[in-house]
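The structure under discussion appears below in the form of structure tokens.
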Amino acid sequence: KHLEDKRNKVTVGGLDVHPTEKALVVHYEVEASILGESGGHMLGERKEGQKIIRMKSLSPSTDVGALAKKVLEECKMIPASRLPQVEQLLYYLQNRKSSPVESKVEKKEKRTVKPKELTPFEGIELNEEASITRVDEYIELLYEGIPEKIRGSALILQLARNPDNLEELLHNETALGALARVLREDWKQSVDLATIIIYIFFCFSSFSQFHGVVSHYKIGALCMSVVEHELKRYDAWREELRKKNKAYILFVENGSLRRDQDKALRKYHGLLAKQEQLLRVSLYLLLNLAEDTRTELKMRNKNIVALLVKVLERDDEELLVLVVSFLKKLSIFLENKNDMVMERLARLVPCKHEDLLNLTLRLLLNLSFDSGLRAKMVEVGLLPKLTALLGDENNRQMAMRILYHISMDDRFKGMFVYTDCIPQLMQMLYEHGEEEIETELISICINLAANKKNAQLMCEGDGLKMLMKRALKMKDCLLMKMIRNISQHDGQTKSLFIDYVGDLAAEIKAEEEEEWVLECLGTLANLTIPDLDWELVLKEYNLVPYLKDRLKPGSAEDDLILEVVIMIGTVSMDDACAVMLAKSGIIPALIELLNAQQEDDEFVCQIVYVFYQMVFHQATRDVIIKDTQAPAYLIDLMHDKNAEIRKVCDNTLDIIAEYDEEWGRKIQSEKFRFHNNQWLEMVESRQADESEPYLYDNDNDRTDLFYSAGTLSKDSAVHNIENVSICPPLFYATGPLPTLTIHCSPICSPSPSPHPLKLSDLAAPLRISRLCELVQTVRSLLCSTSKNSGYSAWANSYLSLTNF
């Protein structure tokens, strides 16, 4: 109150061009002075600054003179006398060649899409100009009626939109408190009033250092309530409009209903426009406050994601840009991603608004890291939409990244066949010529090539020829990896590689890079083609020494050594090749590698597969059986934890057992020992005393074995003890040991079928050598049972020796 005036004097210094952007740089100096009541100078301060004026519309055809005048109109600090200098600088910018740095900056700006800055909304601008010295007058208006409150808050908004005034308004607690109170009490009464006051606090939220004051007055929580309430109002409006439309359709000739319907529609659009202004400023304020993750978590707890998804139904593009930006920020947290409704996002792809489309794709990219959400994207039909965007230069990279994530899932690889994605990708590869292929492009091609139908589509025409030619010329490892994936599919695709076997074999040299050799060798190893003369390939390109050298543990990376083993397995299908490899000493090298890599299931499985291929041929079979210990290693691996290893081992050992009797007996014995291991351990560990009674010292004294309540009568206990049998047979060479069951058939029985009996209390396991004595004991026991008429303990049950 004691200070009468505060004056700022701006003096423009130099004008220059921006070093990398199409922009002018204005250097200026601000001299701030405060005058007392008498007009005397009380306090002064000087501050230097610069303003960057970007010329995004500047092009070779731009009228430099007209643009210079427009710059002076927009930037009031530049005096009219500097017009010639501005024209000269603009002419220089117009003719300056774009540097690589500038193009990178432009691309970066293009990639960073943000919501458009808020501008004064329709209906909240006033003809009068606000002054910082009259804030107290504006505060007084906040205690009047709604129109006065709107006018007072609109004048304060004019001040708040100038960042230089925010500091002073911040210290005016009366003004901020009054604004917060009015918003809290009257926001439901006037959309304009709520929009203006939230806009004022939005100006503070644009700067991180002012977030504290916004939180202090709980404006964020209030904005959440405003958004939720407005969305409910929106649903009510739509329902009312739907009813009027329905009534009009039923009575289309009624003029009164037609007028009501038109009136309701105009009212709806008017309300909708104001409501979208309120939603936009409220959500923008919340987005600014969400810089703090703790505040963002509070919003999450109040269901901000569901509210934002609801707003996606709207058509206002600027509002949608803001909402999608907010969702993109929230999508990086696990708790939020599952609440984002994919159907509403799919509606925005494609769209004419470039920024909205770009932001939506970025949001989808974040969500595509989740396999469940990828499945949802395919379900709602985004795959063909994303494929169509491959032809859009501005959005191709984003679309390709999302498609790459989808292509990682085997469930969806086959769906690419029903789009034009693969032809477009192949065209892109062709257009690259000798330039380096983009990572996203080759990555998605590698994934899709793992599907048989996709691979066939890639090879159509001269597709494979183009790929092979480029890969061999550029020694492109990633492109060869794609070719390797294509080569793994049986059928017509694999036969196309016959023309390139020599080219691939020529690349397998010690001098080449391991990564390149790995892909070439892997491609060759996939070519299980019956008509291919592998012996000729091995001899012509002298591959056997290379393969043998690479089998030594540590001679190369494990991936390359594994591919060498797979290659040996492939060529071993040929009889002549198998003999050549056996004579070269590769089999001992494989056994040595097996010892070194015995913990790696993939290595073990592939080496065993090589033995499996070699035992088919007479020459190599004799070498493996007679000159190596390979069968012994196979016997050890017969009971491996890995099911695939066990399967290949069993098949190989069956062939060896068929051709060699000695190994056949060993293999049969080991199989028996494995299947009956528990029983054998029990038998070998027990040292039974020859004098030990078979069951009990006196079976007839154990009446508890024979009697129980509710049993058969004495008269029905006559049995034919000659029909005692043991079934099924006790011993099997393979397979688990079956249960031993003893059957006894009664002569007199209510039914003609035999009655299996059970000895439930047999305690001591007996040696197999005394099996016959056991049967005799059972017979004696049955006789005594018949005499004592105590058959009930065994009747209608199984006689089972469970220890066997």
Side-chain angles (χ1 to χ4, degrees), residues 488 490 522 525-526 528 547-548 550-553 558-559 561-575 577-579 581-582 584-681 731-738:
Q488 70 184 347
D490 294 326
N526 286 335
T528 50
L547 297 176
K548 185 179 178 182
R550 284 291 176 269
L551 285 178
K552 296 175 183 176
D558 284 353
D559 288 344
I561 298 175
L562 181 61
E563 287 304 325
V564 169
V565 175
I566 296 172
M567 178 68 180
I568 294 171
T570 299
V571 300
S572 294
M573 292 188 295
D574 185 279
D575 188 43
C577 286
V579 173
L581 292 172
S584 70
I586 271 183
I587 295 175
L590 285 169
I591 293 174
E592 182 184 352
L593 181 62
L594 182 61
N595 285 328
Q597 299 286 354
Q598 57 186 329
E599 299 299 325
D600 191 318
D601 283 357
E602 184 66 25
F603 264 102
V604 172
C605 192
Q606 294 297 342
I607 293 171
V608 173
Y609 179 75
V610 173
F611 293 149
Y612 173 73
Q613 290 291 351
M614 287 187 168
V615 295
F616 275 106
H617 314 294
Q618 178 65 43
T620 49
R621 183 167 57 242
D622 291 342
V623 172
I624 287 175
I625 293 173
K626 296 175 182 177
D627 300 342
T628 71
Q629 289 298 311
Y633 282 97
L634 292 173
I635 289 173
D636 289 339
L637 292 169
M638 190 168 56
H639 315 308
D640 194 89
K641 294 178 181 178
N642 189 296
E644 288 299 320
I645 294 175
R646 290 199 306 271
K647 182 179 177 181
V648 180
C649 272
D650 283 342
N651 293 337
T652 309
L653 289 171
D654 287 345
I655 298 171
I656 293 173
E658 184 179 345
Y659 285 95
D660 189 282
E661 291 183 6
E662 183 180 353
W663 276 112
R665 287 193 297 272
K666 291 180 180 178
I667 293 166
Q668 189 176 20
S669 174
E670 178 58 32
K671 286 185 176 181
F672 170 79
R673 178 170 292 277
F674 175 73
H675 289 303
N676 300 299
N677 184 54
Q678 185 178 1
W679 175 79
L680 287 172
E681 286 180 359
F731 299 111
Y732 281 81
T734 61
L737 191 68

Residues K666 and D660 bridged, charged N to O under 4.0 Å: no
Evaluation steps, side-chain contact (heavy atoms from CB on, under 4.5 Å), between E670 and H639: CA-CA 10 Å; E670 178 58 32; H639 315 308; 3.3 Å; yes
Residues V604, Q597; criterion side-chain contact (heavy atoms from CB on, under 4.5 Å); working and verdict: CA-CA 7 Å; V604 172; Q597 299 286 354; 5.8 Å; no
Y659 side chain to D622 side chain, donor-acceptor N/O pair below 3.5 angstrom: no
Any donor-acceptor pair under 3.5 Å from R621 side chain to I656 backbone: no
Under 3.5 Å side-chain donor-acceptor pair for Y633 and Q629: no
Residue pair A582 / T620: nearest heavy atoms and the distance that separates them: CB-CG2, 3.7 Å
Approximate separation, where rounding is to 0.5 Å, of I645 CD1 and F603 CZ: 12.5 Å
For I624 against P631, the heavy-atom pair lying closest together: O-CD, 3.5 Å
E592 versus P553, closest heavy-atom pair with distance: OE2-CD, 4.1 Å
Distance, nearest 0.5 Å, that separates CG of L653 from CG of L637: 9.0 Å
Least distance between heavy atoms, C605 atom then E644 atom: SG-CB, 4.2 Å
Verdict with reasoning, I655 to Y612, per side-chain contact (heavy atoms from CB on, under 4.5 Å): CA-CA 9 Å; I655 298 171; Y612 173 73; 3.9 Å; yes
Sub-4.5 Å side-chain heavy-atom contact between R550 and E563: no
Candidate pair I591 and F611, rule side-chain contact (heavy atoms from CB on, under 4.5 Å), full reasoning: CA-CA 10 Å; I591 293 174; F611 293 149; 3.9 Å; yes
CG-CG distance between L551 and L590, expressed to the nearest 0.5 angstrom: 5.0 Å
Under 3.5 Å side-chain donor-acceptor pair for R665 and Q668: no
Approximate separation, where rounding is to 0.5 Å, of Q598 CD and L593 CG: 11.0 Å
Heavy-atom pair with the smallest gap, counting every atom of M573 and H617: O-CE1, 3.4 Å
From CG (D650) to CG (D654), nearest 0.5 Å: 6.5 Å
Under 3.5 Å donor-acceptor, K548 side chain and A589 backbone: no
From V579, L581, I586, residue fulfilling side-chain contact (heavy atoms from CB on, under 4.5 Å) relative to S572: L581
Heavy-atom closest pair, residues K641 and R646: O-NH1, 2.9 Å
OH-OG1 distance between Y609 and T652, expressed to the nearest 0.5 angstrom: 10.0 Å
